[in-house]
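Per chain, numbering begins at 1; letters A, B, ... match sequence-line order.
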Amino acid sequence: MNNIIASTVVKARELTAEEIKEIEHEKTHYPYTQAVGLEALKIVQKYQGWVSDESLLAVAKYLEIAPDELEGVATFFNMIFRRPVGKHVILLCDSVACWMLGCDSLQGHITKNLGIEYGETTKDDMFTLLPVPCLGACDKSPVMMIGRETYTHLTAEKIDQAIAHYRDGTPVDQDLE
Amino acid sequence: MATDKPLTKNIEEGRAPFNFKKYTAAGGYESVHKVVKMEPTDAVELVKNAGLGGRGGAGFNTGLKWSFVPPPDGGPRYLVINADEMEPGTFKDRLLIENDPHLLIEGMITTCFALQSNCGYIFLRGEYTDCEERLLKAIKEAYDNGMLGKNVAGKKGFDLDIYLHTSAGRYICGEETALLNALEGKRANPRAKPPFPQVSGLWGRPTVVNNVETICNIPGIVTHGVEWYQALGKGDYVGTRISGVSGRVNKPGCWEVPVGITFRELLEDYAGGMQDGYELKAFLPGGGSTDFLIPEHLDLPMDPGLVQKAGSRLGTSLIMVLDDKTCPVGCIRNLIKFFAHESCGWCTPCRDGLPWVEHILNNMEEGKGSLKDIEILDEMTRYMGPGNTFCALAPGAVEPLQSGLKYFMGEFEAHINHGCSYN
């Protein structure tokens with residue numbers, strides 16, 4: 001689908017001042033700029049929600065990395081989104097401990113309520129549902145993340161509460177997180 | 001008196017981790033003050049003699065690993081912490097970082113002095129957001145208090161920087177050479193060994209990659225000495241380690257335990273035994289890439305050698321129980337799906353073999369399998385076995401499958417005839 005290297009249409013956008021500031025900070029951590037590539041993609045994604053072709057080219061240009069090499073990195077890592085995602089990304093753990101405790105039926109619940117399968121985004125662009133490999137909280141299975149927050153001991157009700165919280169700010173019970 | 005729980009002594013459920021001041025008041029950073037008065041090579045020797053085995057899963061003697069780093073040549077040398085905890089069923093490094101980040105920092109400083117390194121990286125999985133925030137705070141405090149930066153702990157000429165790198169997924173990053181590629185900003189494919197990272201690692205320079213828990217052991221060993229460390233284990237075993245249990249037990253979790261306790265002690269005394277109505281059918285002793293063991297193995301001490309004799313690996317020592325109400329074929333299918341997804345695609349057996357196995361198991365789930373499939377599965381465990389692949393991902397991935405075929409053949413056959421009969 002994407003062939004940005006050969007594209008004559010897609011042009012690098014201008015990075016914002018905030019993005020540049022954070023990328024410059026990361027540059028102080030490594031002796032070579034190539035090493036900053038992934039962090040820079042994450043910074044861009046933090047501000048833009050995802051990594052568009054224009055963003056990818058901008059980072060490649062800024063760090064003087066070949067665009068195809070950076071694209072190779074961007075597509076390797078599952079937490080870099082090369083397609084638009086919703087405002088909040090729901091990462092539902094589907095690895096073995098969560099599977100044993102019913103993550104498949106929880107996925108069914110989310111799919112029914114939000115009308116999205118894995119890999120899809122709600123029509124209002126609020127939520128994207130993605131499976132995530134073992135989140136390292138197997139003693140509190142089933143688990144998911146929404147954005148940077150981790151939710152443990154999941155039930156259908158807890159998921160509904162968390163989703164309502166992101167939709168309209170309904171407070172979440174303390175014991176949820 | 002020195003503690004008998006050096007890894008978790010500062011950890012209390014529900015309480016925020018110690019800041020620098022409290023951590024120091026509780027005896028923290030002692031090992032740094034002690035190590036800077038030693039010869040670096042003596043510090044390596046001390047850790048070697050302690051008998052600490054790496055806690056990432058392979059269990060190799062940590063001091064011995066360090067001793068393979070060549071003498072300084074004036075160029076950079078690196079310590080890299082593998083905090084990319086992604087092995088299914090493993091959640092111990094999260095506990096240590098979230099609840100006592102200064103312990104890891106102290107361990108890194110002491111280790112860097114021993115390795116004569118001036119730079120350390122923590123390679124943290126991106127999903128561990130609480131760990132990220134707490135580590136950043138701890139690192140800043142360490143700089144503010146003279147434990148990082150120029151002349152660490154007042155030792156003239158010992159300069160050290162520690163940086164946090166947060167990753168963005170992919171299990172393969174936990175493989176140490178793939179991790180180094182990722183840290184260099186490349187695709188995380190594994191590298192050929194040799195050369196080993198100790199000789200040619202990050203940016204081609206001498207590099208030691210150690211697991212979080214391994215390095216959290218260093219402050220105790222350097223502060224209290226070899227004799228103290230060795231007495232922590234049960235019987236002839238040395239030290240403590242974080243072991244845990246997940247699945248249908250009464251109290252899933254992880255705890256610091258003396259090395260050498262049996263699986264039964266862990267399962268019953270720590271995890272409170274199986275939940276009512278569920279019986280133990282089998283267990284994975286140390287993560288998703290280890291062979292199943294069965295109840296008759298429960299009285300084995302959690303010792304790498306003995307576990308190997310029983311046909312498995314101790315791995316991360318966080319066990320996952322399979323109960324009698326959960327389908328073993330479905331459990332293996334889930335694990336294979338994980339590994340098929342996480343294969344980096346670099347070498348053929350893994351890239352093609354794992355999706356093939358997943359496909360066969362999916363068919364079986366729906367009752368569309370044939371007896372020939374069992375032969376193919378068996379063959380695949382050898383096709384992807386040790387020596388045929390670039391790294392340990394595929395050989396690990398087929399471990400639950402090969403032991404599953406050994407212990408649950410009846411279940412596989414039943415799936416061929418009727419599909420899955422569990423709900």
Side-chain angles (χ1 to χ4, degrees), chain A residues 25-26 28-42 45 51 63 65 69-81 91 93-105 130-141 143-145 147-150 152-153 177, chain B residues 76 85-94 119 121 125-130 132-133 161 163-173 182-189 203 244-248 251-254 271 284 288 318 320-323 326 330-331 334-335 337-338 341-342 344 400:
Chain A
H25 175 72
E26 287 299 328
T28 63
H29 295 178
Y30 306 93
Y32 304 98
T33 53
Q34 184 180 12
V36 186
L38 180 66
E39 302 271 16
L41 292 171
K42 287 177 72 174
Q45 181 166 290
V51 178
L63 294 175
I65 304 172
E69 274 199 53
L70 190 63
E71 172 72 329
V73 171
T75 53
F76 190 90
F77 289 92
N78 56 297
M79 297 305 292
I80 298 296
F81 306 134
L91 300 171
C93 176
D94 69 346
S95 290
V96 64
C98 287
W99 173 81
M100 285 189 196
L101 294 175
C103 66
D104 285 351
S105 72
L130 293 173
V132 71
C134 188
L135 278 176
C138 314
D139 53 338
K140 304 180 184 79
S141 293
V143 295
M144 69 171 179
M145 292 184 80
R148 288 174 63 84
E149 290 298 318
T150 304
T152 60
H153 297 298
E177 287 177 22
Chain B
E85 184 167 72
M86 266 182 103
E87 178 75 20
T90 305
F91 45 97
K92 65 184 180 66
D93 297 338
R94 184 199 274 271
C119 184
Y121 286 98
R125 75 176 288 198
E127 293 91 335
Y128 279 14
T129 50
D130 286 344
E132 179 188 346
E133 283 152 27
D161 287 306
Y163 303 114
L164 177 66
H165 171 93
T166 62
S167 189
R170 298 312 296 271
Y171 171 73
I172 191 63
C173 294
L183 197 48
E184 290 182 7
K186 299 170 183 160
R187 286 172 78 89
N189 297 322
W203 297 298
V245 187
S246 63
R248 295 215 185 262
K251 289 185 290 178
C254 62
L284 297 167
L318 276 88
M320 210 177 339
V321 301
L322 174 68
D323 60 76
T326 301
C331 174
N334 178 282
L335 288 163
K337 186 182 79 168
F338 168 88
H341 186 262
E342 294 305 318
C344 78

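Two residues are said to be in side-chain contact when any heavy atoms from C-beta on lie closer than 4.5 Å; B:Tyr171 and A:Cys134 fail this criterion. Residues A:Phe76 and B:Ile172 form a side-chain contact, since some pair of their non-hydrogen atoms from C-beta on lies under 4.5 Å apart. Side chains of B:Met320 and A:Cys138 form no contact here, defined as non-hydrogen atoms less than 4.5 Å apart. At a threshold of 4.5 Å between non-hydrogen side-chain atoms, the residues A:Thr75 and B:Arg187 count as touching.
For B:Thr90, the part lying near chain A is the backbone, with the side chain staying farther off; criterion is any non-hydrogen pair under 4.5 Å. At a 4.5 Å heavy-atom cutoff, the contact between B:Tyr163 and chain A is made by side-chain atoms alone. Using a 4.5 Å cut-off between heavy atoms, B:Ala188 touches chain A through backbone and side chain atoms alike. In this structure, chain A has no heavy atom under 4.5 Å from any part of B:Cys119. Both the backbone and the side chain of A:Leu135 come within contact range of chain B, with heavy atoms under 4.5 Å apart. With a 4.5 angstrom heavy-atom cutoff, B:Leu335 touches chain A only via side-chain atoms. Of the atoms belonging to B:Met86, heavy atoms from both backbone and side chain fall under 4.5 Å from chain A. With a 4.5 Å cut-off on non-hydrogen atoms, B:Glu87 touches chain A through its backbone but not through its side chain.
Judged by distance alone, the side chain of B:Thr129 and the main-chain N or O of A:Arg148 form a donor-acceptor pair under 3.5 Å.
Smallest separation of non-hydrogen atoms from B:Leu164 and A:Glu39: O-OE2, 4.2 Å. Closest heavy-atom contact between B:Ala168 and A:Phe77: O-CB, 3.4 Å. When all heavy atoms of A:Ser95 and B:Phe338 are compared, the pair lying nearest together is OG-CD1, 3.5 Å. Scanning all heavy atoms of the two residues, the minimum distance from A:Met145 to B:Glu127 falls at CE-O, 3.2 Å. Contact record, B:Tyr121 with A:Pro31: OH-CD, 3.8 Å, taken as the closest heavy-atom pair. Pairing each heavy atom of A:Pro133 with each of B:Glu342, the nearest pair is CG-OE2, 3.1 Å.
Atom NZ of A:Lys140 and atom CZ of B:Arg94 lie 7.0 Å apart (nearest 0.5 Å). The line from CG of B:Asp161 to NE2 of A:His29 is 9.0 Å long, rounded to the nearest 0.5 Å. Interatomic distance, NZ of B:Lys337 versus CG of A:Asp94, reported as 4.0 Å (0.5 Å rounding). Here the OG1-CD distance, from B:Thr166 to A:Glu26, works out to 7.0 Å after rounding to the nearest 0.5 Å. Note that CE of A:Met100 and CG of B:Leu322 are 5.0 Å apart. Values are rounded to the nearest 0.5 Å. For the atom pair CZ (B:Arg170) and CD1 (A:Ile80), the distance works out to 12.5 Å, reported to the nearest 0.5 Å.
Residues forming a salt bridge (Lys or Arg N to Asp or Glu O under 4.0 Å) with B:Lys186 (at least two apart in sequence, or on another chain): B:Glu184. Remark: A:Asp139 engages no residue in a salt bridge (Lys or Arg N to Asp or Glu O under 4.0 Å) (not counting sequence neighbours).
The aromatic rings of A:Tyr30 and B:His165 lie perpendicular to each other, with more than 60° between the two planes, well past the 30° mark.
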